[in-house]
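Just so it is clear: chains get the letters A, B, ... in the order the sequence lines come, proteins before strands, and each one is counted from 1. Small disclaimer: the values here were computed from a predicted structure and weren't measured.
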Protein chains: 2
Amino acid sequence: MSVQAISYKDKKVISIGDVSKITGITERQIRYYEERELIFPKRTERGTRKYSFGDIERLMDIIEKREDGVQTFEIRQDLLKKERRLDGKKFQVI
Amino acid sequence: MSVQAISYKDKKVISIGDVSKITGITERQIRYYEERELIFPKRTERGTRKYSFGDIERLMDIIEKREDGVQTFEIRQDLLKKERRLDGKKFQVI
DNA sequence: CGTGTAAGGAATTCTGACACG
DNA sequence: CGTGTAAGGAATTCTGACACG
């Protein structure tokens with residue numbers, strides 16, 4: 001129930017060109033969000049970025065926030081908060 | 001229960017090079033199986049083939065059969081039989 | 001029948017930079 | 001800060017063909 005096999009959602013196999021078409025934003029923006037550490041594609045041996053469907057969902061979320069005027073810095077903050085919450089559950093202090 | 005939204009499994013977004021790496025067979029073989037109508041990738045505007053995870057599963061199946069000495073012709077026959085069975089359920093003759 | 005290979009062209013992706021603001 | 005663009009190089013993919021068997 002808690003442990004789940006990695007599904008297709010998390011396999012990083014989509015090229016940036018396709019991600020751009022699917023999400024509707026430019027490759028430049030996608031690369032910038034990576035630079036700002038909001039998204040983490042895999043790299044092939046050659047250096048090509050590969051994204052998962054999960055990454056695309058995350059991107060959709062980022063796009064929405066950006067449209068609401070949220071800065072990448074703030075989006076990153078929220079991300080870190082979430083991670084800390086997850087850590088808390090793993091190493092719960094009593 | 002019967003109708004299901006198209007999941008990530010059926011989104012055709014994987015390039016032939018990645019399919020080759022994932023399945024372990026050459027691009028030549030993958031293209032040949034398409035020529036023999038065993039597999040049906042999508043084409044981008046430019047003409048690049050795009051495969052889904054479902055396509056990859058199907059390929060794995062084809063590879064196994066080929067290793068057992070089954071010819072592409074026979075594999076295709078089985079495919080058509082399956083389709084007919086499905087059709088039978090849709091247009092059942094009484 | 002099933003697969004390898006060399007050939008040439010066209011589209012993709014990458015990085016670092018300059019630009020505007 | 002967030003995004004556009006031109007630049008040049010490197011890797012990808014495509015098709016049609018010849019080869020072996």
Think [X] has a side-chain N or O under 4.0 angstrom from the OP1 or OP2 of [N]?
| X | N | value |
| --- | --- | --- |
| B/Tyr33 | C/dG2 | no |
| A/Tyr32 | D/dT3 | no |
| A/Thr26 | D/dG4 | yes |
| A/Arg43 | C/dT15 | yes |
| B/Thr48 | D/dT12 | no |

Identify the heavy atoms of B/Phe53 and A/Phe53 that sit nearest to each other, and give their distance.
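Between these two residues, the closest heavy atoms are CE1-CE1, 3.9 Å.
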Is there a side-chain contact between [X] and [Y], using heavy atoms and a 4.5 Å cut-off?
| X | Y | answer |
| --- | --- | --- |
| A/Tyr33 | A/Ile75 | no |
| A/Ile22 | B/Val13 | yes |
| A/Glu34 | A/Tyr51 | yes |
| B/Lys65 | B/Leu38 | no |

Measure [atom1]/[X] against [atom2]/[N] and give the value in whole Å, please.
| X | N | atom1 | atom2 | value |
| --- | --- | --- | --- | --- |
| A/Gln29 | D/dG2 | CD | P | 11 Å |
| A/Ile25 | D/dG4 | CD1 | C1' | 14 Å |
| A/Ile62 | D/dG2 | CD1 | C1' | 13 Å |
| B/Leu59 | C/dG2 | CG | P | 15 Å |
| B/Arg31 | D/dC14 | CZ | P | 5 Å |
| A/Glu74 | D/dG2 | CD | C1' | 14 Å |
| B/Glu34 | C/dT3 | CD | P | 15 Å |
| A/Arg36 | D/dT3 | CZ | P | 11 Å |

Could you say whether B/Arg66 or A/Ser15 is positioned toward the 5' end of DNA chain C, judged by the nucleotide with the nearest heavy atom to each?
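In this pair, the answer is B/Arg66.
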Choose from D/dT3, D/dC14, C/dC14 the nucleotide whose nearest atom is closest to any side-chain atom of B/Arg49.
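Looking only at side-chain atoms, B/Arg49 lies closest to D/dC14.
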Selected nucleotide, minimal atom distance to B/Gln71 side chain, candidates C/dG2, C/dC14, D/dC14:
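Nucleotide nearest to B/Gln71's side chain: C/dG2.
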Return yes if a side-chain donor-acceptor contact under 3.5 Å exists between A/Thr48 and A/Arg46, otherwise no.
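Yes, A/Arg46 and A/Thr48 have a side-chain donor paired with an acceptor closer than 3.5 Å.
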Would a distance-only check, ignoring hydrogens and angles, find a side-chain to backbone donor-acceptor pair under 3.5 Å from A/Thr26 to A/Gln29?
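Present.
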Side-chain donor/acceptor of A/Ser7 to backbone N/O of A/Lys9, under 3.5 Å
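A pair under 3.5 Å: yes.
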Using Watson-Crick and G-U wobble pairs whose two distances are both under 3.5 Å, how do you write the pairing of DNA chain D as dot-bracket, with | for links to another strand?
.||||.||.|.|.||.||||.
I'd like to know if A/Lys82 and A/Asp78 make a salt bridge, using a cut-off of under 4.0 Å between side-chain N and carboxylate O.
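Looking at A/Asp78 together with A/Lys82, the answer is no, because their closest N to O distance does not fall below 4.0 Å.
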The contact string for nucleotides 5-10 of chain D, one letter per nucleotide 5' to 3', using protein heavy atoms under 4.0 Å with B, S and - for base, sugar-phosphate only and none, comes out as B----B
Applying side-chain hydrogen bond (donor to acceptor under 3.5 Å, both in side chains) between B/Asp55 and each of B/Lys50, B/Arg49, B/Lys42, B/Lys12, report the one that passes.
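Answer after filtering B/Lys50, B/Arg49, B/Lys42, B/Lys12: B/Lys12.
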